[in-house]
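Just so it is clear: chains get the letters A, B, ... in the order the sequence lines come, proteins before strands, and each one is counted from 1. Below, all heavy atoms of this structure are taken into account, side chains as well, without hydrogens, waters or symmetry copies.
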Amino acid sequence: DVKVTQSSRYLVKRTGEKVFLECVQDMDHENMFWYRQDPGLGLRLIYFSYDVKMKEKGDIPEGYSVSREKKERFSLILESASTNQTSMYLCASRMGGFASTGLTGELFFGEGSRLTVL
Amino acid sequence: AQTVTQSQPEMSVQEAETVTLSCTYDTSESNYYLFWYKQPPSRQMILVIRQEAYKQQNATENRFSVNFQKAAKSFSLKISDSQLGDTAMYFCAFMKPYQGAQKLVFGQGTRLTINP
């Protein structure tokens with residue numbers, strides 16, 4: 001089974017702190033994603049990566065950065081946490097390649113990291 | 001940009017009943033993929049069912065089936081013989097395939113509660 005592991009289930013940080021959220025997947029997937037989940041807003045894409053050291057901004061990248069130095073690990077960084085970044089953060093991974101080639105396009109998710117910024 | 005709308009924030013049904021969750025989307029693309037994901041309480045999100053836009057036949061997975069209306073841009077999920085374990089947040093998602101990472105756009109979610 002594919003396993004996506006997020007380092008922390010619950011974090012409490014103070015405004016202005018630097019926050020690292022780590023995500024590791026064990027299935028050699030090329031694509032990795034960071035979403036934030038907020039009630040009434042669903043999941044919104046922050047950043048994604050389609051290969052090592054490659055990254056692209058998603059829909060809400062402001063206030064975040066990412067790092068992908070190894071294929072299995074994708075980190076989300078909040079350089080200076082703010083209260084409006086209090087949220088659930090979900091990491092996901094997927095095999096690369098065209099969906100049209102028969103790949104399911106299925107995303108595999110971690111359990112989520114609930115971040116509270118005070 | 002593609003958008004996905006789930007107009008039912010919450011739904012509640014009795015065990016063994018059939019329930020339908022609604023999803024509409026907006027796109028100018030002709031080829032795309034649609035998904036329903038399930039997020040049980042305090043557990044990982046998992047894929048429930050997938051539909052390819054170029055396929056006329058509605059996808060089914062055991063008790064889960066979809067009603068895909070391409071012209072109406074509608075993609076509803078039907079759960080038959082609902083079970084307590086179906087209690088979860090359900091998210092509809094859209095994906096446009098292109099080279100590189102293929103991003104999913106999610107709806108707002110529907111919280112489904114199955115009552116005993």
Side-chain angles (χ1 to χ4, degrees), chain A residues 1-6 9-10 23 25 29-51 54-60 66 68 74 88-114, chain B residues 1-10 21-26 29-55 59 61 88-112:
Chain A
D1 284 351
V2 175
K3 192 165 179 68
V4 179
T5 303
Q6 295 185 228
R9 291 293 303 274
Y10 301 95
C23 176
Q25 49 94 3
H29 284 169
E30 288 82 3
N31 300 342
M32 296 188 75
F33 304 80
W34 275 106
Y35 285 90
R36 67 176 279 176
Q37 181 181 357
D38 300 289
L41 297 177
L43 277 71
R44 293 178 292 166
L45 182 63
I46 304 171
Y47 267 97
F48 64 99
S49 169
Y50 50 88
D51 204 349
M54 305 302 287
K55 59 187 179 184
E56 284 195 26
K57 293 179 180 179
D59 299 317
I60 52 164
V66 292
R68 193 165 180 203
F74 191 37
M88 170 70 85
Y89 291 88
L90 297 177
C91 175
S93 73
R94 182 178 60 213
M95 192 182 300
F98 281 108
S100 59
T101 61
L103 298 171
T104 66
E106 179 179 0
L107 281 179
F108 294 88
F109 284 87
E111 291 185 322
S113 298
R114 186 168 293 281
Chain B
Q2 286 76 27
T3 59
V4 178
T5 302
Q6 293 177 248
S7 58
Q8 304 153 312
E10 295 188 25
L21 309 183
S22 301
C23 173
T24 58
Y25 57 94
D26 185 24
E29 302 290 331
S30 59
N31 186 27
Y32 48 87
Y33 298 80
L34 296 163
F35 304 84
W36 279 98
Y37 279 85
K38 169 186 178 181
Q39 186 182 40
S42 301
R43 292 177 60 188
Q44 288 162 295
M45 194 165 327
I46 57 173
L47 178 66
V48 174
I49 201 165
R50 172 183 183 265
Q51 175 78 42
E52 297 162 32
Y54 63 87
K55 288 188 176 178
E61 288 288 342
M89 282 289 292
Y90 287 82
F91 292 95
C92 178
F94 171 100
M95 183 178 80
K96 182 180 69 172
Y98 66 97
Q99 194 162 8
Q102 294 151 100
K103 301 182 290 182
L104 265 68
V105 177
F106 286 86
Q108 301 90 336
T110 296
R111 184 178 301 279
L112 176 64

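Side-chain atoms of A:Tyr35 and B:Met45, non-hydrogen and from C-beta on, never get closer than 4.5 Å to each other. Here the side chains of B:Leu104 and A:Phe33 are not in contact, with every heavy-atom distance at 4.5 Å or above.
For A:Arg9, the CZ atom is densely surrounded, since the number of other residues' heavy atoms within 6.0 Å is greater than 12. Open room surrounds CZ on B:Arg111; 12 or fewer heavy atoms of other groups in view lie less than 6.0 Å from it.
Residue B:Tyr37 holds its OH atom at 10.5 Å from CG of A:Leu43, rounded to the nearest 0.5 Å.
At a 4.5 Å heavy-atom cutoff, the contact between A:Leu90 and chain B is made by side-chain atoms alone. Only the side chain of B:Gln39 comes within contact range of chain A, judged by heavy atoms closer than 4.5 Å.
Closest approach of A:Phe109 and B:Gln44 over heavy atoms only: O-NE2, 2.8 Å.
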